[in-house]
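A short write-up of the structure that comes next.
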Amino acid sequence: MLGPVILAASRSDRMRRLISAAPVTKQVVDRFIPGETVADIVPIIKDLTGKGLELTMDVVGEDITTPEQATAARDAYLALIDHLKELELGEKVEMSVKLSMFGQALEGGHELALANVRPVVEAAAAIGTTVTLDAEDHTTLDSMFAIHEELRKDFPQTGCVIQAYLFRTEADAKRLAEAGSRVRLVKGAYKEPAEVAYQQKHEIDKAYVRILKTLMEGEGYPMVGSHDPRLISIVQELAHKAGRKLDEYEFQMLYGIRGDEHLRLAAEGHRMRVYTAYGTDWYGYFMRRLAEKPANLRFFLRSMVSKG
């Protein structure tokens with residue numbers, strides 16, 4: 001399987017230098033990351049929302065090694081919120097954050113990440129939108145869930161992400177499927193050991209459906225992160241059986257992947273949110289997109305052959 005190999009490469013400085021230097025890389029990266037600055041991304045926000053889509057914005061960058069870098073990450077999100085305020089789009093544009101960017105892995109990281117993310121959540125609430133805490137590798141999740149619980153005391157709309165490939169997630173979903181919660185379900189994009197995670201695609205898919213059923217039958221607001229046509233059909237079936245209206249759950253897909261499907265679902269009346277990343281530290285995000293789906297890797301390799 002190529003996924004684990006690509007994920008290992010995402011942590012390699014040598015591979016980072018090699019791929020970053022390839023002339024074709026920027027052309028391919030632009031498919032998934034449409035800008036480096038807020039100014040770059042504003043026209044994308046206007047275009048997508050004008051087509052009936054919603055967005056969740058991610059300022060990419062996870063290799064935080066100092067408290068000063070964590071503060072800079074916080075400030076980058078606050079600058080994004082200032083621009084969103086001017087656009088007056090309310091909940092149509094929310095934000096996704098990785099707590100590693102806010103210093104979670106540093107000494108005293110739990111408290112540091114909470115201190116840095118809270119102003120972002122406060123500022124988001126002030127303009128009528130919210131924040132979702134992204135899930136990272138399994139060693140970070142207890143901290144993430146504790147921060148999520150703390151933030152929800154004052155900002156109950158704060159969302160979180162759960163990953164179907166982890167054994168623990170079915171129990172997490174039952175705990176989180178409560179009134180007022182917002183939970184994004186994804187398959188998972190980190191290299192995890194067999195002791196904590198399913199390794200085979202068919203096992204992950206079955207777990208995804210079981211967890212999705214829990215969320216749909218619960219009292220919270222499910223956010224379905226998947227590009228899989230079969231799972232999208234299952235989502236609609238489970239939502240119908242649970243008596244959910246179209247505005248009582250949403251689909252989420254990545255910018256640059258299945259754009260026609262984004263528009264189709266929105267045209268049918270579904271809430272369709274596009275996960276849109278931007279920033280200069282794109283490498284780790286880009287490599288996980290390649291690892292998630294063989295088609296993404298094929299696209300990249302074809303581009304290198306034809307244009308490199």
Side-chain angles (χ1 to χ4, degrees), residues 7-21 25-26 29-30 32-42 56-84 93-125 129-148 150-151 155 158-161 189-191 255 275-291:
L7 290 173
S10 74
R11 295 178 172 86
S12 166
D13 289 337
R14 181 174 178 275
M15 288 301 298
R16 178 190 292 264
R17 291 192 298 271
L18 179 65
I19 291 176
S20 298
T25 296
K26 186 179 187 308
V29 169
D30 286 348
F32 303 107
I33 304 175
E36 294 188 348
T37 68
V38 177
D40 292 337
I41 214 72
V42 166
T56 184
M57 306 299 302
D58 174 14
V59 183
V60 293
E62 301 160 45
D63 296 326
I64 299 299
T65 58
T66 69
E68 291 75 19
Q69 289 175 322
T71 300
R74 176 203 67 193
D75 292 345
Y77 272 96
L78 292 175
L80 170 61
I81 291 169
D82 283 342
H83 280 75
L84 294 180
V93 184
E94 63 154 42
M95 278 145 285
S96 290
V97 304
K98 291 179 175 60
L99 292 175
S100 60
M101 280 189 67
F102 292 84
Q104 187 186 43
L106 305 180
E107 183 177 354
H110 179 85
E111 292 76 16
L112 179 62
L114 177 57
N116 279 326
V117 76
R118 184 179 288 277
V120 175
V121 174
E122 290 175 348
T129 190
T130 189
V131 170
T132 295
L133 306 184
D134 274 331
E136 300 182 71
D137 75 81
H138 77 278
T139 65
T140 68
L141 295 184
D142 286 341
S143 172
M144 185 274 281
F145 286 130
I147 289 173
H148 175 246
E150 184 64 26
L151 291 171
F155 305 97
T158 304
C160 71
V161 176
Y190 292 82
K191 183 181 179 182
Y255 180 91
Y275 190 108
T276 307
Y278 74 97
T280 57
D281 191 12
W282 51 264
Y283 180 75
Y285 178 89
F286 175 65
M287 293 298 282
R288 281 198 306 282
R289 300 294 77 78
L290 296 185

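Judged by distance alone, the side chain of Glu36 and the main-chain N or O of Tyr278 form no donor-acceptor pair under 3.5 Å. Looking at Thr129, its side chain never comes within 3.5 Å of a backbone N or O of Ala124 through a donor-acceptor pair. Between the side chain of Glu136 and the backbone N or O of Ser100, at least one donor-acceptor pair lies under 3.5 Å. Gln69 places a side-chain N or O within donor-acceptor distance of the main-chain N or O of Thr65, the cut-off being under 3.5 Å. Distance alone, capped at 3.5 Å, places no donor-acceptor pair between the Asn116 side chain and the Ala113 backbone.
Sorted by first and then second residue, the side chain to side chain donor-acceptor pair (under 3.5 Å) pairs with a member in residues 73-83 read Asp58-Tyr77; sequence neighbours excluded.
The OG1 atom of Thr276 lies 11.0 Å from the CD1 atom of Ile33; values are rounded to the nearest 0.5 Å. Distance check, rounded to the nearest 0.5 Å: SG of Cys160 to CD1 of Ile147 gives 12.0 Å. The distance from atom CG of Leu114 to atom CG of Leu112, rounded to the nearest 0.5 Å, is 9.5 Å. Distance CD/Gln104 to CD/Glu111: 11.0 Å, rounded to 0.5 Å. From Leu99, atom CG reaches atom NE2 of His148 across 10.5 Å, with rounding to the nearest 0.5 Å.
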### Message
Working note: Val120 + Phe102, criterion side-chain contact (heavy atoms from CB on, under 4.5 Å); need CA distance, chi angles, decisive distance, verdict.
### Response
CA-CA 11 Å; Val120 175; Phe102 292 84; 4.0 Å; yes
### Task
Could you please spell out the steps behind the side-chain contact (heavy atoms from CB on, under 4.5 Å) verdict for Val97 and Val117?
CA-CA 8 Å; Val97 304; Val117 76; 4.0 Å; yes
### Message
Using side-chain contact (heavy atoms from CB on, under 4.5 Å), reason through Arg118 and Phe155 one step at a time and then give a plain yes or no.
### Response
CA-CA 10 Å; Arg118 184 179 288 277; Phe155 305 97; 4.2 Å; yes
### Query
Met95 and Thr132: side-chain contact (heavy atoms from CB on, under 4.5 Å), yes or no, with the steps?
CA-CA 6 Å; Met95 278 145 285; Thr132 295; over 6 Å; no
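Pro67 and Leu106 make their closest contact through N-CD1, 3.6 Å (heavy atoms, listed as atom of the first residue, atom of the second, distance). Nearest heavy-atom pair, Ala70 versus Gly103, reported as atom, atom and distance to 0.1 Å: CB-N, 3.7 Å. The two residues Ala277 and Val60 make their nearest non-hydrogen contact at CB-CG1, 3.4 Å.
Remark: Asp134 engages Lys98, Arg184, Tyr275 in a side chain to side chain donor-acceptor pair (under 3.5 Å) (not counting sequence neighbours).
Residues Ser96 and Thr56 bring a donor and an acceptor atom of their side chains to less than 3.5 Å of each other. Side-chain contact, Asp137 with Thr140: no donor N or O sits under 3.5 Å from an acceptor N or O. Side-chain polar atoms of Thr130 and Glu94 form no donor-acceptor pair below 3.5 angstrom.
If you run side-chain contact (heavy atoms from CB on, under 4.5 Å) between Met57 and each of Val38, Ile81, Leu80, only Leu80 comes through.
Side-chain contact between Pro34 and Asp40: absent, with no pair of heavy atoms (C-beta onward) separated by less than 4.5 Å.
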